[in-house]
Amino acid sequence: MSTVALHETAHHEAHGEAHHEHHHQETFITKYIFSQDHKMIAKQFLITGIIWAFIGGLFSVIFRLQLADPNATYPFLEDFLGHWAKGGKLQPEFYYALVTMHGTILVFFVLTAGLSGTFANFLIPLQIGARDMASPLLNMLSYWFFFLASVIMMSSLFVQTGPASGGWTIYPPLSALGEASSGSKIGMDLWLVSMAMFIVSSLLGGLNYITTILNMRTKGMSMTRMPLTIWALFFTAVLGVLSFPVLLSGAILLLFDRNLGTSFYLSDIVVAGKIMPNEGGSAILFQHLFWFLGHPEVYIILLPAMGMSSEILSVNSRKPIFGYMAMVGSLFAITILAFLVWAHHMFVTGLNPFLGSVFVLLTLLIAVPSAIKVFNWLTTLWKGNIRFTPAMMFAIGFVSLFISGGLTGIFLGNSALDIHLHDTYFVIAHFHIVMGVASFFGMYAGVYHWFPKMFGRHLNNTLSYVHFWITIVGAYLIFWPMHYEGLAGMPRRYYDFSNWESFKNFGGLNQFISIIALLVFAAQLLFVINFFYSIFKGRKLTTLNPWNANTLEWTTPIRPGHGNWPGDIPEVHRWPYDYAKDGKDFIPQDVPVGDDESKH
């Protein structure tokens with residue numbers, strides 16, 4: 001063993017002892033509010049994410065009511081939304097604000113902070129054998145910057161002119177000119193400031209995750225012995241650290257245009273017959289800055305779900321993961337290619353067709369590592385001794401959604417086809433299935449699998465299965481029909497389709513989609529009830545390792561304290577996927593390799 005490794009082990013043990021010593025006298029505030037324990041911070045991210053998911057989901061239900069029957073009135077809406085729903089009918093300007101906030105909340109606050117913030121914080125130290133994150137203080141600040149961003153974003157819902165309403169992509173000039181609409185006034189400034197705080201949170205978290213994985217692995221935990229979950233969270237953090245600053249610069253320049261009279265994005269604009277003084281800017285510049293984050297963002301959301309699903313599929317198939325190094329390589333390839341495809345969102349901006357063809361090629365190339373992952377997941381399941389736990393159901397659901405949603409990306413990645421399909425319901429159907437719902441399934445799989453380790457109790461199985469079946473059937477019934485609306489040219493974000501003869505035919509289908517959306521939202525409330533009830537009243541965990549898994553987190557006490565292991569951190573002797581080997585069902589990572597055993 002090298003001197004460096006000995007030093008690190010000694011440092012870990014000393015670090016752990018210091019933690020135990022230091023945390024004897026914890027108050028409520030230091031334990032639950034300003035906690036520096038990565039497990040508590042993970043729970044803070046998760047519960048904040050659940051609250052935001054409820055709000056974001058509720059917004060979609062409200063605007064689906066409008067799309068179901070544009071002429072209907074719902075008196076309760078006026079009680080709930082005030083002047084935004086006069087006479088019980090959603091006002092057009094607020095419809096767009098709801099669409100904007102729904103997208104912003106679910107993409108950034110739930111599927112980025114809620115997913116990465118929860119599972120990177122919870123799993124990285126536990127699965128690599130560390131007492132805590134490299135910097136517990138920065139970790140705590142990461143959550144509180146996210147909380148501050150949440151407060152600012154929430155406050156925008158209560159200003160007189162309403163929240164931002166430029167779409168979740170916030171394209172100028174609509175977002176750059178306060179005169180453009182009521183949703184471009186103070187609500188837009190609050191959106192931009194909130195996103196700046198959110199990006200600070202993501203960067204603090206991401207730098208911490210990368211540093212922890214590279215420097216704080218326990219003895220024997222080489223990079224090639226790390227669970228795929230950790231690889232996925234590592235590449236997710238790299239993506240975030242390299243791409244979020246670009247969105248931050250885009251948002252700050254937009255704040256300058258709005259408040260300081262600059263013209264980064266504005267030129268030759270006329271508003272209500274008045275010629276604006278701005279010259280020399282380009283609205284397309286913002287699109288480049290936004291999508292340079294926006295496409296890596298898709299994988300910032302997807303990669304943690306991929307990693308957790310890989311782990312859960314292997315554990316519950318009772319088989320080693322198929323093609324471990326190919327899985328790591330495909331994660332790496334996705335990370336690289338994610339930075340090279342942003343302009344496929346911009347085929348209709350007047351992009352040079354030759355440049356468009358380059359982005360078509362790169363976009364189709366990213367399907368290769370994705371296909372490798374799908375092949376390996378299916379091969380892991382093949383002839384496995386499968387246990388259909390709720391986590392396993394959601395992991396298989398994730399694979400299903402990733403395949404079916406990903407296939408429609410081939411249509412949109414073709415620049416010629418995209419001219420017809422761009423900004424239609426086809427795009428909504430594609431990214432909701434492949435990114436939105438699929439990542440939610442990865443997140444649910446993670447919650448169901450690691451809930452016993454988080455809270456020392458089990459979730460209710462019956463409610464879990466009901467939640468799964470309503471959600472997966474409902475998700476396909478909501479988004480699959482939207483492909484046909486998109487092929488017919490039906491544009492997204494419109495308030496009322498009843499004035500178009502060609503889109504009137506979809507009135508019945510829109511009603512059907514809205515009813516299913518309501519049912520699926522109700523099923524998510526079942527999950528919320530199950531989650532919060534089980535934290536306090538769920539069946540208590542009686543065994544350290546309820547799933548017979550190999551990874552290190554199951555070697556800690558049922559309710560691990562700050563420092564995770566009461567004694568020495570276990571030493572790792574093998575990779576995490578020794579299932580069905582040498583006549584044994586599973587062999588944990590801390591079990592030494594026998595003389596007659598093949599090494600990994």
Side-chain angles (χ1 to χ4, degrees), residues 38-39 41-57 103-124 126-127 139 142-143 145-147 149-150 168 198-199 201-206 208-209 227-241 243-244 293-294 296-312 331 334-335 338 391 394-395 397-399 401-402 405 431-451 453-454 471 475 524 527-528 531:
H38 70 98
K39 298 180 293 299
I41 293 168
K43 292 172 194 173
Q44 290 175 324
F45 269 107
L46 180 57
I47 290 168
T48 311
I50 287 173
I51 293 165
W52 271 121
F54 173 78
I55 295 167
T104 302
I105 288 166
L106 289 175
V107 169
F108 293 114
F109 287 35
V110 180
L111 291 173
T112 302
L115 184 50
S116 282
T118 299
F119 291 105
N121 268 307
F122 190 72
L123 294 177
I124 288 173
L126 286 171
Q127 289 199 335
N139 209 21
S142 166
Y143 172 73
F145 270 107
F146 169 51
F147 185 80
S150 294
W168 77 278
F198 172 81
I199 291 166
S201 159
S202 297
L203 293 175
L204 288 173
N208 222 345
Y209 308 151
L228 287 170
T229 315
I230 301 300
W231 274 111
L233 292 167
F234 174 70
F235 286 126
T236 302
V238 170
L239 276 169
V241 166
S243 61
F244 265 117
L293 160 89
E297 173 67 16
V298 169
Y299 293 100
I300 288 169
I301 288 170
L302 268 173
L303 289 183
M306 287 177 171
M308 292 190 296
S309 296
S310 303
E311 178 78 17
I312 291 161
L331 285 169
I334 286 170
T335 303
F394 275 99
F398 167 80
V399 176
L401 289 154
F402 184 70
F431 80 77
H432 274 84
I433 291 178
V434 76
M435 182 186 88
V437 184
S439 298
F440 258 108
F441 269 61
M443 191 174 182
Y444 283 137
V447 171
Y448 282 115
H449 189 71
W450 281 288
F451 187 91
K453 177 51 57 186
M454 284 183 177
T471 307
Q524 308 323 299
F527 165 76
V528 173
F531 180 87

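Source: prediction; values computed, not measured.
- The distance from atom OG1 of Thr236 to atom CH2 of Trp231, rounded to the nearest 0.5 Å, is 12.5 Å.
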Trace of the side chain to side chain contact (heavy atoms under 4.5 Å, CB included) decision for Phe440 with Leu401: CA-CA 10 Å; Phe440 258 108; Leu401 289 154; over 6 Å; no

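- Counting only heavy atoms from C-beta outward, the side chains of Phe122 and Lys453 approach each other to under 4.5 Å.
- Ring geometry for Trp52 against Phe109 counts as perpendicular: the plane angle is over 60°, on a 0 to 90° scale with 30° as the lower cut.
- The distance from the CG atom of Leu228 to the CE atom of Met306 is 12.0 Å, given to the nearest 0.5 Å.
- Distance CZ/Phe527 to OH/Tyr444: 5.5 Å, rounded to 0.5 Å.
- Residues Phe402 and Leu302 meet the side-chain proximity criterion, which asks for heavy atoms closer than 4.5 Å.
- Between Ser142 and Ser201, the closest heavy-atom pair is O-OG, 2.8 Å.
- Residues Leu111 and Met435 have side chains not in contact (no heavy-atom distance under 4.5 Å, counting atoms from C-beta outward).
- From Ile41, atom CD1 reaches atom OH of Tyr143 across 10.5 Å, with rounding to the nearest 0.5 Å.
- Ring-centre distance between Phe451 and Phe531: below the 6.0 Å cut-off.
- What you find for Val434 and Gly405 is that their closest heavy atoms are CB-C, 3.6 Å.
- Between Phe441 and Thr471, some side-chain heavy-atom pair lies under the 4.5 Å cut-off.
- Of the N and O atoms on the side chains of Ser116 and Tyr209, not one donor lies less than 3.5 Å from an acceptor on the other residue.
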Candidate pair Glu297 and Thr112, rule side chain to side chain donor-acceptor pair (under 3.5 Å), full reasoning: CA-CA 8 Å; Glu297 173 67 16; Thr112 302; 2.4 Å; yes

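- In terms of heavy-atom proximity, Leu115 sits nearest to Ser439 at CD2-O, 4.2 Å.
- The aromatic rings of Phe146 and Phe45 lie parallel to each other, with less than 30° between the two planes, well short of the 60° mark.
- The closest side-chain heavy-atom distance from Ile124 to His38 is not below 4.5 Å.
- Within the model, atoms OG1 of Thr335 and CZ of Phe234 stand 9.0 Å from one another, a figure rounded to the nearest 0.5 Å.
- Among all heavy-atom pairs drawn from Ser150 and Thr48, the shortest one is OG-CG2, 4.2 Å.
- For the pair Ile312/Tyr448, no side-chain contact is recorded, criterion being any heavy-atom separation below 4.5 Å from C-beta on.
- The two residues Phe398 and Ala305 make their nearest non-hydrogen contact at CE1-CB, 3.6 Å.
- We find the CG-NZ distance between Asn121 and Lys39 to be 11.0 Å, quoted to the nearest 0.5 Å.
- Taking the side chain as every heavy atom from C-beta outward, Val447 and Phe119 approach each other to under 4.5 Å.
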Candidate pair Met443 and Leu46, rule side chain to side chain contact (heavy atoms under 4.5 Å, CB included), full reasoning: CA-CA 10 Å; Met443 191 174 182; Leu46 180 57; 4.3 Å; yes

Pair Ile300-Ser243, side chain to side chain contact (heavy atoms under 4.5 Å, CB included): steps then yes or no: CA-CA 10 Å; Ile300 288 169; Ser243 61; 4.0 Å; yes

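- Smallest separation of non-hydrogen atoms from Glu311 and Pro227: OE1-CB, 3.6 Å.
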Test log, rule side chain to side chain contact (heavy atoms under 4.5 Å, CB included), inputs Trp450 and Met308: CA-CA 10 Å; Trp450 281 288; Met308 292 190 296; 3.9 Å; yes

